[in-house]
Amino acid sequence: MPKITPINRVDKTEKYIVVPRLVRGKIKKTLKRLIKVRGYCYFTQGVALGIIDFIYRAVVKLGLGDRKLIFSRGSVRAAGKVTGSTVEILELDWDLGTSIIIPMKINYHHTCRVTIDSGDHRLKIMEIIVLSGLLKLKYPEKPVRWRNDAAAAIIALGWKTMETENLPSVYRLE
């Protein structure tokens with residue numbers, strides 16, 4: 001009889017991975033310990049336990065199971081400045097998968113208020129930027145504004161918003 005694995009199970013692992021980082025224009029490789037595994041998603045220490053389930057479900061829903069995704073926390077730079085408003089996505093050498101670095105600048109509990117189709121919602125910023133990064137893997141041709149609005153709409157209204165032709169209007173209040 002096959003063993004049934006519950007959907008909310010998070011395995012432990014003792015694997016390490018070399019993750020390249022762009023630091024001051026030079027590639028620096030750092031060794032990171034993978035401590036949690038959930039399907040095709042690997043997580044290093046520092047990734048909030050509350051977001052692991054969210055990430056895994058989003059990866060399954062977007063159909064990104066054909067690649068290994070490694071999530072870690074670190075310093076993310078955009079236009080040469082440290083930022084907390086986007087994730088850094090790097091393809092790893094030797095077909096090891098895709099590294100997604102979540103900025104250390106934000107905490108999992110940081111929220112923002114947004115208006116979506118005249119409804120007021122309070123959403124976690126980390127969930128928005130991680131889902132926006134996953135949407136970039138799925139829809140690389142879409143602009144940043146579309147991915148951010150789609151991420152906020154999905155979190156607030158559910159995945160059914162992706163089935164419609166036009167996304168609802170999204171406005172940040174804070």
Q: For the pair D117 and S169, evaluate side-chain contact (heavy atoms from CB on, under 4.5 Å) and give the outcome as yes or no after the intermediate values.
A: CA-CA 6 Å; D117 274 349; S169 57; 3.8 Å; yes
Q.
What verdict does the side-chain contact (heavy atoms from CB on, under 4.5 Å) test give for N148 and V170, after you've listed the backbone C-alpha separation in whole Å, the side-chain angles of each residue and the deciding distance to 0.1 Å?
A. CA-CA 9 Å; N148 291 339; V170 178; over 6 Å; no
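Between I102 and V130 there is a side-chain heavy-atom pair separated by less than 4.5 Å. A heavy-atom distance below 4.5 Å is found between the side chains of C112 and I128. Residues I89 and L137 are in side-chain contact: their nearest non-hydrogen atoms beyond the backbone lie under 4.5 Å apart. Side-chain contact check for I70 versus I100: every heavy-atom pair is 4.5 Å or farther apart. Counting only heavy atoms from C-beta outward, the side chains of L69 and L134 approach each other to under 4.5 Å.
Contact record, R73 with T44: N-OG1, 4.0 Å, taken as the closest heavy-atom pair.
Ring geometry, Y139 versus W146: the interplanar angle exceeds 60°, so the pair is classed perpendicular (tilted spans 30 to 60°).
By the criterion of side-chain heavy atoms lying less than 4.5 angstrom apart, applied directly or through intervening Ile, Leu, Val, Met, Phe, Trp or Tyr residues, L49 is grouped together with L131 in one hydrophobic cluster. In this structure, W159 is a member of the same hydrophobic cluster as I51, with clusters built from ILVMFWY side-chain heavy atoms closer than 4.5 Å.
Cation-pi check for K36 over Y42 is not met; the charged atom does not lie both under 6.0 angstrom from the ring centroid and within 45 degrees of its normal.
Of the possible donor and acceptor atoms, none in the side chain of R113 sits under 3.5 Å from a partner among the backbone N and O of R172.
Between K136 and E141, none of the side-chain N atoms (NZ, or NE/NH1/NH2) sits under 4.0 Å from a carboxylate O, so this pair counts as no salt bridge.
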